[in-house]
Amino acid sequence: MSTAYIEKNNGVEVPADAIRIIDPQVVKKLPAETAIKSITAHGASLWTRTAKIETEKDGHAVTYFLKTMFGERGRRIASGEFTAMSTIYKLNPDLVPRPLAWGSYDNIPNVHFLLCEFRNMTDELPAIDKFVSQVAKLHRDGTSPDGRYGFSDETYHGNIAIEHGWSDSWEEYFTRTTRALLDLEQEVQGPSEELLELSTSFFDKVIPRLLRPLETGGRSIKPCLIHGDLWHGNTSTDRDTNVPIIFDAASFYAHNEYELGVWRQPWNKIGKAYRDRYHEYFPTSQPGEDVDDRNALYATRVNILDSILYRDEDTYRKMLIEWMRKLVEKFPGGYEQWEHAHAQIH
């Protein structure tokens with residue numbers, strides 16, 4: 001294999017030829033009698049190579065978007081993203097590029113692909129009201145098939161696998177999967193005594209305090225389909241229709257407010273104004289007074305993911321420790337203290 005690598009990050013390697021040729025397996029996924037005109041590199045991605053395929057069908061020009069990945073992890077990324085994007089597309093076909101297929105190359109070993117329709121995007125953030133109203137609509141319409149939290153497929157935050165499984169309660173899902181991610185963070189970044197010490201109270205006190213009230217005392221929430229990694233790099237505006245677009249989904253069925261955790265990150269151009277406006281379309285869960293602290297909890301999990309993803313930087317671990325400490329210090333009494341205080345009130 002004649003291979004020049006653009007990217008070699010955390011074990012994911014994509015051969016340059018992956019977007020110089022159109023593999024027979026990609027051709028098979030196109031409509032019959034499609035004439036291929038060209039393939040050119042398009043867009044930028046850390047762990048994949050992406051391209052635009054120009055074709056002609058029945059005298060009409062048709063353009064497709066191709067994302068290529070490498071290795072067994074790349075195969076699982078392609079499969080998970082296809083399932084996530086297809087699930088969103090069924091609910092709101094304007095919100096995501098239509099996913100057409102995923103598969104594996106014949107001519108280049110260990111290369112896998114995701115094929116979608118091509119949407120002509122701007123370089124601008126989506127308009128706030130159009131964006132948050134569509135995200136809120138996705139959350140309302142995307143209900144879990146059996147009322148549980150999780151997802152059928154493994155999905156990826158960048159190139160980090162998240163094995164969702166299924167849980168009957170949001171607290172159980174969040175605790176189980178966050179523990180697994182923090183264990184992985186320790187493997188990748190090396191052990192931190194400070195972080196491990198904080199994590200005891202984080203799991204035993206903070207998570208029950210902020211999540212258990214959502215599903216006790218007559219209160220309830222419903223698992224909602226979320227994008228799962230909705231930062232500004234995974235959003236745009238359709239140049240032709242002026243509607244918001246989201247892509248690179250890492251979906252699962254979650255508490256809808258979890259989607260807004262990444263909107264707290266200082267590096268994300270989608271920030272507090274979007275969070276505030278979102279709740280005009282999807283009211284805050286009860287108890288409403290906890291909404292900002294829940295958002296901080298969800299943002300802390302995002303910090304765990306980013307500390308794993310950017311293993312050569314210490315910025316995200318420092319942020320993780322700082323934000324975890326603030327929550328631990330704010331809620332030392334956990335759920336029991338909150339329950340006792342509310343029992344006295346009532």
Side-chain angles (χ1 to χ4, degrees), residues 1-30 36 38-53 63-89 96-119 121 151-164 181 184 188 227-231 233-236 245-252 305-306 308-312:
M1 176 171 61
S2 61
T3 307
Y5 296 107
I6 284 183
E7 299 295 347
K8 184 174 183 179
N9 242 320
N10 296 338
V12 179
E13 304 168 348
V14 184
D17 286 346
I19 56 169
R20 290 178 180 159
I21 62 163
I22 300 180
D23 192 86
Q25 284 299 322
V26 176
V27 175
K28 287 181 182 179
K29 304 299 184 182
L30 297 172
I36 296 170
S38 66
I39 179 170
T40 54
H42 183 85
S45 177
L46 288 177
W47 295 280
T48 68
R49 280 181 179 270
T50 53
K52 178 169 65 172
I53 300 175
T63 308
Y64 298 93
F65 180 78
L66 181 72
K67 178 188 282 190
T68 61
M69 294 139 256
F70 187 81
E72 174 57 23
R73 177 163 45 183
R75 186 190 69 78
R76 297 197 304 267
I77 292 173
S79 173
E81 186 174 336
F82 178 77
T83 301
M85 294 285 284
S86 297
T87 306
I88 296 175
Y89 183 80
V96 296
R98 180 165 63 100
L100 301 174
W102 78 276
S104 302
Y105 275 26
D106 280 341
N107 291 341
I108 307 178
N110 294 320
V111 169
H112 314 279
F113 68 91
L114 175 67
L115 182 68
C116 300
E117 72 169 335
F118 182 87
R119 299 279 291 272
M121 303 180 196
F151 203 58
S152 58
D153 288 39
E154 176 185 76
T155 61
Y156 281 75
H157 179 93
N159 65 357
I160 303 167
I162 302 177
E163 298 179 8
H164 297 283
L181 290 171
L184 180 58
V188 168
H227 174 281
D229 187 19
L230 201 51
W231 65 292
N234 288 339
T235 67
S236 188
I245 304 173
I246 63 177
F247 43 90
D248 289 355
S251 296
F252 61 103
L305 286 160
D306 287 341
I308 301 167
L309 192 61
Y310 302 106
R311 59 186 66 192
D312 296 326

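Note that this is a predicted model, so its numbers are computed, not measured.
Partners of T68 according to the side chain to side chain donor-acceptor pair (under 3.5 Å) rule, which considers only residues two or more places apart in sequence or in another chain, do not exist here. Under the salt bridge (charged side-chain N to carboxylate O under 4.0 Å, His left out) criterion, K52 pairs with E54, not counting sequence neighbours. A search for side-chain contact (heavy atoms from CB on, under 4.5 Å) contacts involving N110 returns F70, not counting sequence neighbours. Every residue meeting the side-chain contact (heavy atoms from CB on, under 4.5 Å) condition with T87, not counting sequence neighbours, appears here in chain and number order: T83, F151, L225, Y253. R75 is linked by a salt bridge (charged side-chain N to carboxylate O under 4.0 Å, His left out) to E72, counting only residues two or more places apart in sequence or in another chain. Every residue was checked against the side chain to side chain donor-acceptor pair (under 3.5 Å) condition with Y64, not counting sequence neighbours, and none meets it. The side chain to side chain donor-acceptor pair (under 3.5 Å) search around S38 returns none, not counting sequence neighbours. Applying the ring pair (Phe, Tyr, Trp, His ring centres under 6.0 Å) rule to Y105 yields the partners F113; only residues at least two apart in sequence or on another chain are considered. Judged as a side chain to side chain donor-acceptor pair (under 3.5 Å), and not counting sequence neighbours, the contacts of D106 are Q25. In terms of the ring pair (Phe, Tyr, Trp, His ring centres under 6.0 Å) criterion, H157 has no residue partners (sequence neighbours excluded). Every residue two or more places apart in sequence or in another chain that forms a side-chain contact (heavy atoms from CB on, under 4.5 Å) with A41 is listed here: I19.
Between D229 atom CG and L305 atom CG the span is 8.0 Å, to the nearest 0.5 Å. The CD atom of E163 sits 10.0 Å away from atom OG1 of T155, with the distance rounded to the nearest 0.5 Å. The CZ atom of R20 sits 11.0 Å away from atom CD1 of I39, with the distance rounded to the nearest 0.5 Å.
The list of salt bridge (charged side-chain N to carboxylate O under 4.0 Å, His left out) pairs with a residue in residues 107-118, not counting sequence neighbours, reads E117-R119.
Side chain to side chain, S104 and H112 meet the donor-acceptor criterion of an N or O pair below 3.5 Å.
Of all heavy-atom pairs between I77 and G158, the closest is CD1-O, 4.3 Å.
Here the side chains of I108 and I21 are in contact, with some heavy-atom distance below 4.5 Å.
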